[in-house]
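Just passing along the structure, written as structure tokens.
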Amino acid sequence: LKEIDTSTSSIISLFEAIDTIDSLDIDNMPAYSLESRNVQLIGDDEMEHAISAIRSHGVVGFDTEQRPTFKSGAPSNGIAIIQISTASDCFIFQVKRTDNISQVLDILQDHRILKIGIGLKGDKSAFKREFDIKLQSCADIEWLFTSKLGYENQIGTKKIRCIHFRQQDPKIQKYVYLKLGGTNAE
């Protein structure tokens with residue numbers, strides 16, 4: 001038999017992991033590391049550099065954070081953070097602390113840049129509601145797992161990371177919390 005190349009082997013391993021997703025021993029996996037990723041909190045002064053760096057990539061990671069509401073039926077607090085990541089950089093935009101977020105919104109509507117995220121249905125609704133924009137060229141990994149790969153339950157970032165990297169949650173939320181100086185990202 002011919003040897004299987006690394007990419008094919010990785011795909012086979014991914015499908016084997018999907019088949020056993022409910023039996024993953026998440027607590028005994030090694031911790032995930034940010035390694036050399038450069039996490040940057042972007043303000044108005046850094047906006048041009050960040051936008052230029054993001055536009056130089058055809059594929060980026062994408063996520064948002066919203067302050068939770070603790071009362072049933074209470075209106076959403078809105079999008080507080082937009083995070084866009086390249087292979088080497090993670091740009092964090094604080095929506096309510098940025099004078100002009102329009103360049104970020106332009107990227108999210110740019111069909112030439114593929115935005116990959118997990119559970120983007122709520123993000124799409126929030127952007128339509130808050131900014132009256134439609135996100136373009138988005139790939140939702142959760143949708144791929146549930147709709148195309150037949151996984152019946154909701155799957156989140158933690159399980160996907162464990163499947164792909166065979167590593168635990170990196171506690172990025174704690175890092176962002178400390179970097180932003182607490183929970184109030186507005």
Side-chain angles (χ1 to χ4, degrees), residues 7 10 32-69 75-145 147-148 155-158 160-161 164-165 167 169-186:
S7 296
S10 294
Y32 176 82
S33 168
L34 289 173
E35 295 175 0
S36 62
R37 182 158 309 207
N38 182 20
V39 179
Q40 301 175 52
L41 183 59
I42 304 300
D44 294 318
D45 294 340
E46 300 86 10
M47 184 69 72
E48 291 297 325
H49 167 74
I51 297 300
S52 176
I54 293 166
R55 286 199 175 280
S56 71
H57 291 80
V59 179
V60 296
F62 166 68
D63 193 17
T64 65
E65 299 297 333
Q66 299 182 37
R67 282 185 67 200
T69 54
S76 167
N77 287 318
I79 297 170
I81 294 173
I82 300 171
Q83 175 184 312
I84 300 176
S85 297
T86 66
S88 59
D89 295 288
C90 174
F91 301 101
I92 299 173
F93 303 91
Q94 292 177 284
V95 174
K96 299 197 172 41
R97 288 188 179 174
T98 303
D99 290 335
N100 187 355
I101 203 76
S102 65
Q103 293 181 78
V104 177
L105 299 177
D106 289 345
I107 286 175
L108 298 176
Q109 296 176 91
D110 189 335
H111 69 278
R112 296 168 297 182
I113 301 172
L114 175 62
K115 280 73 69 183
I116 299 175
I118 299 171
L120 297 179
K121 185 177 180 180
D123 294 326
K124 288 179 177 184
S125 297
F127 278 101
K128 182 65 177 164
R129 181 179 61 250
E130 291 181 43
F131 300 105
D132 196 29
I133 67 166
K134 182 177 180 184
L135 302 181
Q136 299 290 322
S137 297
C138 291
D140 188 337
I141 295 174
E142 182 177 63
W143 175 84
L144 174 70
F145 270 76
S147 297
K148 297 299 179 186
I155 185 167
T157 306
K158 188 172 184 177
I160 290 172
R161 181 179 300 109
H164 183 72
F165 295 109
Q167 297 172 329
D169 184 62
K171 309 292 186 237
I172 290 176
Q173 299 295 6
K174 182 177 180 182
Y175 175 82
V176 170
Y177 173 85
L178 295 173
K179 182 97 171 167
L180 299 179
T183 59
N184 189 359
E186 293 183 37

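Any value given below was found using the heavy atoms of this structure, including those in side chains, with hydrogens, waters and symmetry copies removed.
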**Message:** Quick check: do Val39 and Ile92 have side-chain heavy atoms less than 4.5 Å from each other?
**Reply:** yes
**Item:** Any donor-acceptor pair under 3.5 Å from Glu130 side chain to Ile79 backbone
**Value:** yes
**Prompt:** Between the side chain of Ser56 and the main-chain N/O of Ala53, is any donor-acceptor distance below 3.5 Å?
**Reply:** yes
**Asked** Do you know which two heavy atoms are closest between Gly119 and Asp123, and how far apart they sit?
**Response** O-OD2, 4.0 Å
**Euclidean distance, Phe93 CZ relative to Gln83 CD, rounded to 0.5 Å** = 10.0 Å
**Asked** What is the minimum heavy-atom distance between Glu46 and Leu41, and which atoms define it?
**Response** OE1-O, 4.3 Å
**Request:** To the nearest 0.5 angstrom, please state how far the CZ atom of Phe62 sits from the CD1 atom of Ile113.
**Result:** 12.0 Å
**Request:** Calculate, to the nearest 0.5 Å, the distance between atoms NZ and CD1 belonging to Lys96 and Ile101 respectively.
**Result:** 10.0 Å
**Message:** Nearest 0.5 angstrom please: Ile51 CD1 to Phe91 CZ, how far?
**Reply:** 8.5 Å
**Request:** Report yes if some heavy atom in the side chain of Ile107 is under 4.5 Å from a heavy atom in the side chain of Ile84; otherwise report no.
**Result:** yes
**Message:** So Phe131 and Val104, do their side chains get closer than 4.5 Å, heavy atoms only?
**Reply:** no
**Asked** Hey, are the side chains of Met47 and Gln103 touching, using non-hydrogen atoms and a 4.5 Å cut-off?
**Response** yes
**Message:** Main chain of His111, side chain of Ser137: is a donor-acceptor contact present, judged purely on distance under 3.5 Å?
**Reply:** yes
**Item:** Check: Gln136 main-chain N/O paired with Lys115 side-chain donor or acceptor under 3.5 Å
**Value:** yes
**Request:** Supply the atom-to-atom distance Asp106 CG to Ile54 CD1, rounded to the nearest 0.5 angstrom.
**Result:** 11.5 Å
**Message:** For Lys124, is there an ion pair with Asp140 - N to carboxylate O distance below 4.0 angstrom?
**Reply:** no
**Message:** Using only atom types and a distance under 3.5 Å, with no angle test, would you say the side chain of Thr98 pairs donor to acceptor with the backbone of Gln94?
**Reply:** yes
**Request:** Can you measure from CD1 (Ile133) to NZ (Lys128) and round to the nearest 0.5 angstrom?
**Result:** 9.0 Å
**Request:** Identify the heavy atoms of Cys138 and Leu120 that sit nearest to each other, and give their distance.
**Result:** CB-CD1, 3.9 Å
**Asked** Would you say the side chain of Ile82 lies within less than 4.5 Å of the side chain of Phe127, judging by non-hydrogen atoms?
**Response** yes
